[in-house]
Amino acid sequence: MEKELQVLEDYIAQNNLKITRQRRAVLNAFAKCEEHVSAEELYRIVAETEPRIGLATIYRTLALLTQSGLASELDFGDGQKRYEHKFMHSHHDHMICTECGKIIEFSHPIIEKLQEEVAKRNGFAITSHKLDIFGVCGDCR
Ligand SMILES: [Zn+2]
Ligand SMILES: [Zn+2]
């Protein structure tokens with residue numbers, strides 16, 4: 001959390017913004033979430049200690065966290081954006097159950113390697129990638 005706070009403070013200083021108590025509270029709550037949390041879920045958590053915070057502040061702070069490299073923004077097409085930790089976390093892809101909404105993280109070296117090969121064959125330099133697999137999980141089948 002201290003390192004995360006440092007990253008956010010550096011980003012905020014570089015961009016002439018202010019680290020407010022509410023922004024700190026959002027970072028604090030986000031740092032404790034090991035899930036793929038939506039802005040509204042985070043809002044409910046933060047509102048317990050910051051009852052005057054608005055959803056707009058949550059969205060703006062999540063954008064800051066994403067821009068500073070602390071968070072990744074995820075969109076699984078269900079109408080709400082989700083966020084997960086990026087800082088000091090390794091790359092992974094997602095499987096999403098369309099029945100219960102469960103999100104499974106995975107990574108496979110062969111998939112990663114194949115993507116590199118396909119890109120190379122197309123003269124393409126990958127800067128990032130997302131692989132979302134949709135289907136029905138073992139519990140729902
Ligand atoms: Zn399921
Ligand atoms: Zn994830």
Side-chain angles (χ1 to χ4, degrees), residues 1-15 17-141:
M1 175 61 199
E2 266 171 40
K3 279 188 187 152
E4 282 92 336
L5 190 58
Q6 193 57 54
V7 171
L8 183 62
E9 278 176 353
D10 288 350
Y11 181 84
I12 277 181
Q14 282 159 19
N15 291 277
L17 302 163
K18 277 198 194 112
I19 178 98
T20 62
R21 199 188 68 196
Q22 289 191 341
R23 281 178 177 161
R24 208 183 285 257
V26 175
L27 173 63
N28 224 323
F30 175 71
K32 287 182 192 149
C33 286
E34 283 301 334
E35 300 285 305
H36 304 84
V37 69
S38 72
E40 277 171 34
E41 285 161 355
L42 198 62
Y43 169 69
R44 283 195 289 272
I45 297 167
V46 179
E48 284 172 24
T49 54
E50 294 285 332
R52 297 180 65 177
I53 201 161
L55 191 53
T57 303
I58 303 282
Y59 277 112
R60 279 198 299 269
T61 309
L62 282 168
L64 279 180
L65 297 183
T66 303
Q67 287 148 17
S68 64
L70 289 170
S72 292
E73 193 181 273
L74 309 165
D75 188 347
F76 297 137
D78 60 350
Q80 50 181 335
K81 286 187 178 143
R82 294 175 185 281
Y83 298 83
E84 69 179 350
H85 298 171
K86 182 172 187 192
F87 183 59
M88 303 204 312
H89 281 62
S90 55
H91 167 76
H92 60 264
D93 296 307
H94 296 103
M95 271 184 276
I96 304 99
C97 177
T98 52
E99 296 293 319
C100 70
K102 188 194 296 166
I103 299 163
I104 299 169
E105 298 187 336
F106 72 95
S107 71
H108 197 295
I110 294 177
I111 294 177
E112 298 298 317
K113 200 159 165 269
L114 280 175
Q115 290 178 139
E116 285 290 342
E117 279 178 29
V118 171
K120 213 171 151 192
R121 219 175 288 158
N122 289 280
F124 203 84
I126 299 178
T127 49
S128 72
H129 82 262
K130 276 182 188 175
L131 175 60
D132 297 336
I133 298 178
F134 295 90
V136 184
C137 77
D139 293 337
C140 293
R141 284 176 64 197

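Atoms within a ligand are numbered from 1 in the order they appear, just like the ligands themselves.
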Vertex the Zn ion (ligand 1), arms to Cys100 SG and Cys97 SG, rounded to 10°: 110°
Geometry at the Zn ion (ligand 2) - His36 NE2 versus Glu84 OE1 angle, rounded to 10 degrees: 90°
Apex the Zn ion (ligand 2); atoms His94 NE2 and His92 NE2; angle rounded to 10 degrees: 90°
Under a 3.5 Å cutoff, is there a donor and acceptor pairing between the side chains of [X] and [Y]?
X: Glu105; Y: His89; result: no
X: Asp10; Y: Gln14; result: no
X: Glu112; Y: His91; result: yes

Leu42 vs Tyr83 side-chain heavy atoms within contact, under 4.5 Å: no
The Zn ion (ligand 2) to Glu105: nearest N/O/S atom name: OE2
